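It should be emphasised that the depicted structure is a prediction, and the values quoted were computed from it without experimental measurement. The chains referred to below are lettered A, B, ... by the order of the sequence lines, with proteins before strands, and numbering in each begins at 1.
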Amino acid sequence: MIVRLGYVAMSMRVHNASPSKTMTATNFAKLEDRAAAIRKLERIAAENLHNTLRLLKHNKAHDIELYRCSSKLIPLWSHEMLQGWDPLSVLKDDFAELGAYAKENGMRLSFHPDHFTVLSTPRAEVLRNSQQDLSNHTAMLEAMGLDLSGKNNIHIGGTYGNKATAMKRFIEHFMELPDPIRLRMTLENDDKTFTALETLEACEKVGAPMVLDIHHHQVNHNGESAAELWPRILHTWNGQTKQASAEALPPKIHVSSPKNDKDIRSHADFIDASTLYDFLRSIASYTPNLDVMIEAKMKDEALFQLMEDICRLSGVARLTQASFEL
DNA sequence: ACCTGTCAAGTCTGG
DNA sequence: CCAGACTTGACAGGT
């Protein structure tokens, strides 16, 4: 099995390279000249994109081919105050440059719209905002020129006291999404509400690949092991591959480690390599490729540390600075 | 230069 | 029914 490691949004090594600079809504509202305020938002967005490109170059230098873009690239986009604003018309060259660089270097990019995007919601307005947010994220992937392997990952959402009806709503809302949005979706198990098994069942119903988060699974399951679910999870990626693109899309998992014994849901600075290694070994024989997204506070620093730890612990064949074979 | 409270957005819990 | 917690990086305003 070939394993590639990646990280989320920002680097601990590349300084002053935030891809998530922003402006608060109150601050935007305070500015008298609306046109100038919008130009300022566009400048911030362009800076975020420029920093994302710097990060991709850093990634290339370290053989990192997996990266999740910040969901805050364009500040206040879809805020009601900014109705009618079309930031992509101004930023399309910047997005195209990013996408071209990623493609040239075999990089896999994704987004993870944050927890305000909830398709299981019973509230019409929340649903509308969620659809808008997914539409915006899809537009950014398209502006980068990425094929359908460029994904938006979300959770199932809240349960509202009744998991069954919440799931039913989720599935209805999901299937109503326009194809260009729906075909870019992946679904991830949650640490509090929908378990890996429940998320997997949703994925099978709607035909979306499942991103397994092994930390979330650890703190939210009903006795089933991640390893026993894996064959079915793997299958959700095979189905999608047939549907979406001729090129095989490796399955992706998320890893993080509990901060401490008292606070097991929070993310630690680094990754516990042996827990991950045990899981990888259990699925390696029938999983040719795997992408592992590291969700640790120390970001890329945790990636480098994990690579060291895994090599020392197991003697896997190190392929590059951010990939190995076992 | 550094510290603290606040921030567009949602949902859950506890009072 | 409402306030506060949850969680995150970064702004904004203070010292």
Side-chain angles (χ1 to χ4, degrees), chain A residues 7-31 37-38 40-41 43-45 47-52 55 68-85 87 111-137 152-163 165-167 169-170 173 188-195 213 215-216 219-220 254 256-260 262-269 293-302:
Chain A
Y7 68 99
V8 177
M10 60 190 281
S11 163
M12 301 307 285
R13 290 202 180 175
V14 186
H15 298 279
N16 302 311
S18 168
S20 312
K21 286 182 174 296
T22 188
M23 188 195 306
T24 61
T26 3
N27 215 259
F28 177 86
K30 267 193 248 168
L31 300 171
I38 285 178
K40 188 167 177 189
L41 282 180
R43 272 203 309 279
I44 294 171
E47 198 182 335
N48 287 340
L49 292 175
H50 174 69
N51 281 337
T52 301
L55 292 168
R68 184 200 300 163
C69 296
S70 163
S71 273
K72 300 189 179 78
L73 290 176
I74 303 180
L76 299 183
W77 195 13
S78 81
H79 190 280
E80 57 171 12
M81 257 188 306
L82 282 141
Q83 282 206 352
W85 179 37
F111 283 113
H112 193 346
D114 63 31
H115 66 285
F116 303 116
T117 298
V118 193
L119 292 180
S120 69
T121 187
R123 296 167 54 194
E125 195 192 335
V126 173
L127 177 62
R128 209 165 43 242
N129 291 339
S130 299
Q131 290 163 335
Q132 186 59 58
D133 196 47
L134 287 173
S135 167
N136 290 348
H137 279 89
N152 291 318
N153 181 60
I154 62 167
H155 297 272
I156 307 287
T159 57
Y160 315 87
N162 188 335
K163 249 186 192 178
T165 54
M167 179 58 86
R169 269 196 309 271
F170 173 87
H173 295 157
E188 176 187 349
N189 57 306
D190 201 84
D191 62 344
K192 288 218 172 72
T193 57
F194 291 95
T195 65
D213 186 312
H215 180 196
H216 290 166
V219 297
N220 184 25
H254 289 176
S256 50
S257 296
K259 193 181 175 72
N260 55 51
K262 283 204 159 63
D263 191 4
I264 54 167
R265 284 191 165 80
S266 297
H267 291 184
D269 289 352
M293 185 64 80
I294 292 162
E295 296 181 330
K297 294 241 185 275
M298 292 303 284
K299 308 290 178 187
D300 53 342
E301 213 60 76

**Message:** With side-chain hydrogen bond (donor to acceptor under 3.5 Å, both in side chains) as the test, pick out the partner of A:Thr193 among A:Thr195, A:Asp190, A:Asn189.
**Reply:** A:Asp190
**Request:** State, to 0.1 Å, how close A:Ala9 and A:Leu55 come at their nearest heavy-atom pair, and which atoms those are.
**Result:** O-CD1, 3.2 Å
**Request:** Measure up the A:Phe111 and A:His137 rings against each other and bin them: parallel (under 30°), tilted (30 to 60°), perpendicular (over 60°).
**Result:** perpendicular
**Request:** Using the test salt bridge (Lys or Arg N to Asp or Glu O under 4.0 Å), find all partners of A:Arg169 that sit at least two apart in sequence or belong to another chain.
**Result:** none
**Request:** Choose from C:dG9, C:dC11, C:dT8 the nucleotide whose nearest atom is closest to any side-chain atom of A:Lys21.
**Result:** C:dC11
**Request:** Would you sketch DNA chain B in dot-bracket for me? Only Watson-Crick or G-U wobble pairs with both distances under 3.5 Å count, crossing pairs as [ ], other-strand pairs as |, the rest as dots.
**Result:** |||||||..||||||
**Message:** Work out how far the P atom of B:dC2 is from that of C:dT7, and round it to whole angstrom.
**Reply:** 28 Å
**Request:** Provide, to the nearest angstrom, the distance between the CG atom belonging to A:Asn16 and the C1' atom belonging to C:dG9.
**Result:** 14 Å
**Asked** Should A:Glu295 and A:His215 count as side-chain neighbours, where that means a heavy-atom distance under 4.5 Å?
**Response** no
**Message:** Measure NE2/A:His15 against P/C:dG9 and give the value in whole Å, please.
**Reply:** 16 Å
**Message:** With a cut-off of less than 4.0 Å, is there a side-chain N or O of A:Lys30 near OP1 or OP2 of C:dG13?
**Reply:** yes
**Message:** Is any side-chain heavy atom of A:Lys72 closer than 4.5 Å to one of A:Thr22?
**Reply:** no
**Request:** Rounded to the nearest angstrom, tell me the gap between atom CD1 in A:Ile264 and atom C1' in C:dC6.
**Result:** 15 Å
**Message:** Between A:Asp114 and A:Ser71, is there a side-chain donor-acceptor contact under 3.5 Å, judged purely by atom types and distance?
**Reply:** no
**Prompt:** Would you say a side-chain N or O of A:Thr22 is under 4.0 Å from OP1 or OP2 of C:dA10?
**Reply:** no
**Prompt:** On a whole-Å scale, what distance lies between the P atoms belonging to B:dA8 and C:dC1?
**Reply:** 27 Å
**Request:** Please measure how far the P atom in B:dG10 lies from the corresponding atom in C:dA10, and state the result in whole Å.
**Result:** 22 Å
**Message:** Between C:dG9 and B:dC12, how many Å separate the two C1' atoms, rounded to a whole number?
**Reply:** 23 Å
**Request:** Indicate whether any N or O donor in one side chain lies under 3.5 Å from an N or O acceptor in the other, for A:Glu47 and A:Asn51.
**Result:** no
**Request:** Would you name the heavy atoms of A:Ala166 and A:Thr159 that are closest together and state the gap between them?
**Result:** CB-O, 3.6 Å
**Fill in**
In B/S/- notation (B base, S sugar-phosphate only, - none; protein heavy atoms under 4.0 Å), nucleotides 3-15 of chain B written 5' to 3' is -----BBBSS---
**Message:** Return whichever of A:Phe28 or A:Met10 has its heavy-atom-nearest nucleotide of DNA chain C closer to the 5' end.
**Reply:** A:Met10
**Rounded interatomic separation in angstrom, taking NE2 from A:His215 and C1' from C:dT7** = 13 Å
**Prompt:** When all nucleic acid strands are considered with a 4.0 Å heavy-atom cut-off, which category describes A:Lys259: base, sugar-phosphate, or nothing?
**Reply:** nothing
